[in-house]
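To start, the structure under review is shown below, and the notes come after it.
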Amino acid sequence: MTDNLELWNKVYKTNPDYTKKAKIGGMTITSIAPQYQIMMVTEKFGVYGQAWGFKNIQLDYSLVEKYDMVVFKGTFFFPDGEFEIINSIKLFMDRKKEMLDDNFAKKIETDALTKAISKLGFNADIFLGKFDDIRYVQELKKEFAPKIEPKPKKEVQNWGKLLEAVTDGTVKKDVILGGYNLTKEQIEKINKVELIKK
(Lines give C-alpha, C1' and ligand atoms only; values in the text may rest on other atoms or scores of the structure.)
Protein backbone atom coordinates (compact mmCIF):
# COMPACT_ATOMS: atom_id res chain seq x y z
CA MET A 1 0.00 0.00 0.00
CA THR A 2 1.36 3.45 -0.91
CA ASP A 3 1.48 6.26 1.60
CA ASN A 4 -0.24 9.17 -0.13
CA LEU A 5 1.03 11.57 2.54
CA GLU A 6 4.68 10.51 2.31
CA LEU A 7 5.87 13.69 0.54
CA TRP A 8 3.47 15.89 2.53
CA ASN A 9 4.82 14.62 5.85
CA LYS A 10 8.39 15.32 4.74
CA VAL A 11 7.80 18.93 3.65
CA TYR A 12 4.91 20.37 5.66
CA LYS A 13 7.05 21.92 8.43
CA THR A 14 8.38 25.44 7.90
CA ASN A 15 11.55 26.83 9.46
CA PRO A 16 10.35 29.94 11.39
CA ASP A 17 13.62 31.74 10.54
CA TYR A 18 12.32 32.13 6.98
CA THR A 19 8.92 33.56 7.87
CA LYS A 20 7.57 36.96 8.87
CA LYS A 21 4.23 38.54 9.65
CA ALA A 22 2.73 40.66 6.89
CA LYS A 23 -0.48 42.67 6.50
CA ILE A 24 -2.50 42.07 3.35
CA GLY A 25 -5.93 43.58 2.91
CA GLY A 26 -6.22 44.30 6.63
CA MET A 27 -5.36 40.73 7.58
CA THR A 28 -2.15 39.60 9.29
CA ILE A 29 -0.62 36.57 7.60
CA THR A 30 2.59 34.56 7.89
CA SER A 31 4.64 34.98 4.73
CA ILE A 32 7.45 32.68 3.66
CA ALA A 33 10.75 33.72 2.07
CA PRO A 34 10.43 32.64 -1.61
CA GLN A 35 14.10 31.66 -1.90
CA TYR A 36 13.67 29.32 1.09
CA GLN A 37 10.72 27.69 -0.66
CA ILE A 38 12.77 27.23 -3.84
CA MET A 39 15.55 25.67 -1.75
CA MET A 40 13.08 23.26 -0.11
CA VAL A 41 11.61 22.11 -3.43
CA THR A 42 15.06 21.84 -5.02
CA GLU A 43 16.17 19.64 -2.12
CA LYS A 44 13.27 17.24 -2.79
CA PHE A 45 12.98 17.33 -6.59
CA GLY A 46 16.20 18.69 -8.11
CA VAL A 47 17.16 21.76 -10.12
CA TYR A 48 14.47 24.37 -10.90
CA GLY A 49 13.58 24.36 -14.59
CA GLN A 50 14.92 20.83 -15.10
CA ALA A 51 13.07 18.73 -12.54
CA TRP A 52 10.31 21.13 -11.56
CA GLY A 53 8.91 24.60 -12.26
CA PHE A 54 6.44 26.32 -14.58
CA LYS A 55 5.82 25.91 -18.28
CA ASN A 56 3.30 27.43 -20.70
CA ILE A 57 3.04 30.65 -18.67
CA GLN A 58 0.53 33.21 -19.94
CA LEU A 59 -0.40 36.60 -18.50
CA ASP A 60 -3.97 37.59 -19.32
CA TYR A 61 -4.63 41.36 -19.27
CA SER A 62 -8.30 41.20 -20.29
CA LEU A 63 -9.51 42.11 -16.78
CA VAL A 64 -7.25 45.14 -16.34
CA GLU A 65 -9.69 47.80 -17.56
CA LYS A 66 -12.62 46.67 -15.43
CA TYR A 67 -11.00 45.03 -12.39
CA ASP A 68 -7.36 46.18 -12.48
CA MET A 69 -6.37 42.48 -12.50
CA VAL A 70 -3.74 40.50 -14.40
CA VAL A 71 -4.31 36.76 -14.49
CA PHE A 72 -1.44 34.27 -14.41
CA LYS A 73 -1.96 30.89 -16.08
CA GLY A 74 0.67 28.19 -16.16
CA THR A 75 1.45 24.52 -15.77
CA PHE A 76 3.41 23.47 -12.70
CA PHE A 77 5.50 20.36 -13.31
CA PHE A 78 7.47 18.15 -10.95
CA PRO A 79 8.96 14.62 -11.15
CA ASP A 80 5.67 12.81 -10.52
CA GLY A 81 3.24 14.94 -12.50
CA GLU A 82 1.95 18.37 -13.43
CA PHE A 83 -1.11 20.54 -12.90
CA GLU A 84 -2.54 23.91 -13.93
CA ILE A 85 -2.25 26.99 -11.72
CA ILE A 86 -4.30 30.17 -12.07
CA ASN A 87 -3.57 33.27 -10.03
CA SER A 88 -4.29 36.99 -10.22
CA ILE A 89 -2.81 40.27 -9.03
CA LYS A 90 -3.64 43.94 -9.19
CA LEU A 91 -1.69 45.81 -11.86
CA PHE A 92 -1.83 49.18 -10.11
CA MET A 93 -0.90 50.06 -6.54
CA ASP A 94 -3.60 52.73 -6.11
CA ARG A 95 -7.32 53.01 -6.82
CA LYS A 96 -6.85 55.83 -9.31
CA LYS A 97 -4.70 53.49 -11.42
CA GLU A 98 -1.86 55.99 -11.60
CA MET A 99 0.87 53.98 -9.82
CA LEU A 100 1.80 50.93 -11.87
CA ASP A 101 3.27 48.08 -9.82
CA ASP A 102 6.38 47.41 -11.89
CA ASN A 103 7.00 44.21 -9.90
CA PHE A 104 3.58 42.69 -10.60
CA ALA A 105 4.92 39.93 -12.88
CA LYS A 106 7.51 38.82 -10.35
CA LYS A 107 4.98 38.93 -7.51
CA ILE A 108 2.34 36.96 -9.37
CA GLU A 109 4.80 34.22 -10.36
CA THR A 110 6.15 33.98 -6.79
CA ASP A 111 2.62 33.77 -5.40
CA ALA A 112 1.67 31.16 -8.01
CA LEU A 113 4.71 29.11 -6.99
CA THR A 114 3.65 29.24 -3.32
CA LYS A 115 0.16 28.10 -4.30
CA ALA A 116 1.49 25.29 -6.50
CA ILE A 117 3.89 23.78 -4.00
CA SER A 118 1.36 24.15 -1.17
CA LYS A 119 -0.82 21.67 -3.07
CA LEU A 120 1.99 19.14 -2.62
CA GLY A 121 2.24 19.88 1.11
CA PHE A 122 5.16 22.32 1.21
CA ASN A 123 4.77 24.72 4.20
CA ALA A 124 1.36 23.21 4.97
CA ASP A 125 1.72 24.06 8.66
CA ILE A 126 1.39 27.76 7.78
CA PHE A 127 -1.70 27.24 5.63
CA LEU A 128 -3.26 25.03 8.30
CA GLY A 129 -2.98 27.93 10.77
CA LYS A 130 -0.39 26.28 13.02
CA PHE A 131 1.79 29.41 13.00
CA ASP A 132 -0.96 31.14 15.03
CA ASP A 133 0.01 28.84 17.92
CA ILE A 134 3.05 30.32 19.71
CA ARG A 135 3.90 26.97 21.32
CA TYR A 136 4.01 25.27 17.92
CA VAL A 137 6.38 27.94 16.56
CA GLN A 138 8.63 27.64 19.64
CA GLU A 139 8.87 23.88 19.15
CA LEU A 140 9.76 24.41 15.48
CA LYS A 141 12.50 26.88 16.46
CA LYS A 142 14.05 24.19 18.66
CA GLU A 143 13.70 21.59 15.92
CA PHE A 144 15.31 23.79 13.25
CA ALA A 145 18.01 25.22 15.56
CA PRO A 146 21.49 24.46 14.26
CA LYS A 147 22.98 21.37 15.87
CA ILE A 148 26.20 22.30 17.64
CA GLU A 149 28.69 19.48 17.64
CA PRO A 150 30.67 19.26 20.90
CA LYS A 151 34.36 20.00 20.56
CA PRO A 152 36.50 16.89 20.81
CA LYS A 153 38.29 16.59 24.14
CA LYS A 154 42.07 16.94 24.25
CA GLU A 155 44.32 14.07 25.15
CA VAL A 156 46.26 14.53 28.39
CA GLN A 157 49.90 15.30 27.59
CA ASN A 158 51.15 16.14 31.08
CA TRP A 159 48.86 14.92 33.86
CA GLY A 160 51.10 16.33 36.61
CA LYS A 161 50.84 19.89 35.26
CA LEU A 162 47.06 19.65 34.88
CA LEU A 163 46.68 18.44 38.47
CA GLU A 164 49.00 21.18 39.71
CA ALA A 165 47.04 23.84 37.80
CA VAL A 166 43.81 22.77 39.51
CA THR A 167 45.55 22.55 42.90
CA ASP A 168 46.96 26.10 42.77
CA GLY A 169 43.71 27.51 41.30
CA THR A 170 45.13 28.72 37.98
CA VAL A 171 42.70 26.48 36.07
CA LYS A 172 39.15 25.68 37.14
CA LYS A 173 38.08 22.09 37.61
CA ASP A 174 35.30 22.42 34.99
CA VAL A 175 37.80 23.42 32.32
CA ILE A 176 39.86 20.28 32.89
CA LEU A 177 36.86 17.96 33.24
CA GLY A 178 35.14 19.41 30.15
CA GLY A 179 38.19 19.78 27.93
CA TYR A 180 40.27 16.63 28.45
CA ASN A 181 39.86 12.89 28.09
CA LEU A 182 40.44 11.74 31.65
CA THR A 183 40.43 8.33 33.23
CA LYS A 184 38.08 7.56 36.09
CA GLU A 185 41.00 7.78 38.55
CA GLN A 186 42.09 11.19 37.18
CA ILE A 187 38.53 12.56 37.52
CA GLU A 188 38.44 11.36 41.13
CA LYS A 189 41.78 13.06 41.87
CA ILE A 190 40.57 16.34 40.31
CA ASN A 191 37.41 16.23 42.43
CA LYS A 192 39.43 15.49 45.60
CA VAL A 193 41.64 18.52 44.91
CA GLU A 194 38.53 20.67 44.81
CA LEU A 195 37.33 19.19 48.09
CA ILE A 196 40.69 19.83 49.76
CA LYS A 197 40.63 23.47 48.64
CA LYS A 198 37.21 23.98 50.25
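Atoms considered below: every heavy atom in the structure, side chains included; atoms not considered: hydrogens, waters and symmetry mates.
- Across all their heavy atoms, A112 and I85 have their closest contact at CB-CG2, 3.9 Å.
- Considering only heavy atoms from C-beta on, N15 comes within 4.5 Å of Y36 through its side chain.
- If you look at F54 and F72, their ring centroids are closer than 6.0 Å.
- In this structure, E139 does not pair ionically with R135, as no charged nitrogen and carboxylate oxygen lie closer than 4.0 Å.
- A distance-only check finds a donor-acceptor pair linking the side chain of W52 to the backbone of G46 [under 3.5 Å].
- Checking E82 against T75 by side-chain atom types alone, no donor-acceptor pair falls below 3.5 Å.
- Here the CD1 atom belonging to I32 is positioned 3.5 Å from the CD1 atom belonging to I126, to the nearest 0.5 angstrom.
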- Message: Test side-chain contact (heavy atoms from CB on, under 4.5 Å) on Y12 and N123; report intermediate values, then the result.
- Response: CA-CA 5 Å; Y12 80 95; N123 311 115; over 6 Å; no
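- In the displayed structure, K130 atom NZ is contacted under 6.0 Å by at most 12 heavy atoms of other residues, nucleotides or ligands.
- Contact record, Y48 with G53: CE1-CA, 3.7 Å, taken as the closest heavy-atom pair.
- The two residues V64 and K97 have their closest heavy-atom pair at O-NZ, 3.5 Å.
- Using a 4.0 Å cut-off between charged side-chain N and carboxylate O, E84 and K73 make no salt bridge.
- Atom CD1 of I176 is separated from atom CG of N191 by 12.0 Å, given to the nearest 0.5 angstrom.
- The line from CD of E65 to CG of L91 is 12.5 Å long, rounded to the nearest 0.5 Å.
- Annotation for F104 and L59: closest pair CE1-CD1, 4.4 Å, computed over non-hydrogen atoms.
- Looking at F77 and K55, their side chains come closer than 4.5 Å, going by heavy atoms from C-beta outward.
- For the atom pair OH (Y18) and CD (Q35), the distance works out to 10.5 Å, reported to the nearest 0.5 Å.
- Taking CG from D17 and OG1 from T19, the interatomic distance works out to 8.0 Å, rounded to the nearest 0.5 Å.
- Using a cutoff of 4.0 Å between basic side-chain nitrogens and carboxylate oxygens, D101 and K107 are scored as salt-bridged.
- Scanning all heavy atoms of the two residues, the minimum distance from V11 to M40 falls at O-CE, 3.5 Å.
- T30 and K21 share a donor-acceptor pair across their side chains, judged by distance under 3.5 Å alone.
- The CD1 atom of I108 lies 7.5 Å from the CG atom of D111; values are rounded to the nearest 0.5 Å.
- Hydrophobic clustering, with ILVMFWY side chains joined whenever heavy atoms are under 4.5 angstrom apart, groups I57 together with I89.
- No single ILVMFWY cluster, assembled from side-chain heavy atoms under 4.5 Å apart, contains both M27 and L128.
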- Message: Go through it in stages, so that I can follow the logic: the residues are E188 and K184, the test is side-chain contact (heavy atoms from CB on, under 4.5 Å), and I'd like the CA-CA distance, side-chain angles, deciding distance and then a yes or no.
- Response: CA-CA 6 Å; E188 287 174 0; K184 187 177 179 183; 3.8 Å; yes
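- Closest non-hydrogen pair, P79 versus A51, comes out as CD-O, 3.4 Å.
- Residues I29 and V137 do not share a hydrophobic cluster, defined by chaining ILVMFWY side chains whose heavy atoms lie under 4.5 Å apart.
- The hydrophobic clustering, which links ILVMFWY residues whose side-chain heavy atoms are closer than 4.5 Å, places F92 and V71 apart.
- With hydrophobic clusters built from ILVMFWY side chains whose heavy atoms lie under 4.5 angstrom apart, M69 does not share a cluster with L100.
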- Task: Show your reasoning for whether side-chain contact (heavy atoms from CB on, under 4.5 Å) applies to F76 and K119.
- Result: CA-CA 11 Å; F76 182 79; K119 292 178 184 294; over 6 Å; no
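- Using cut-offs of 30° and 60° for the angle between ring planes, the F122 and F45 rings count as perpendicular.
- Panel note: side chain T170, backbone V166; no donor-acceptor pair is recorded below 3.5 Å.
- Within a 6.0 Å radius of CZ in F83, other residues, nucleotides and ligands contribute more than 12 heavy atoms.
- Judged by distance alone, the side chains of Y136 and D125 do bring a donor and an acceptor atom under 3.5 Å apart.
- Residues F131 and P16 meet the side-chain proximity criterion, which asks for heavy atoms closer than 4.5 Å.
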- Item | Intermediate values then yes/no, side-chain contact (heavy atoms from CB on, under 4.5 Å), L182 and L177 | CA-CA 7 Å; L182 302 175; L177 293 175; 3.8 Å; yes
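- Formation of a donor-acceptor pair under 3.5 Å by the N181 side chain with backbone atoms of E155 is not found in this model.
- Side-chain atoms of N9 come within 3.5 Å of backbone N or O of L5 as a donor-acceptor pair.
- For N158 (side chain) and K161 (main-chain N/O), a donor-acceptor pair under 3.5 Å exists by modelled atom type.
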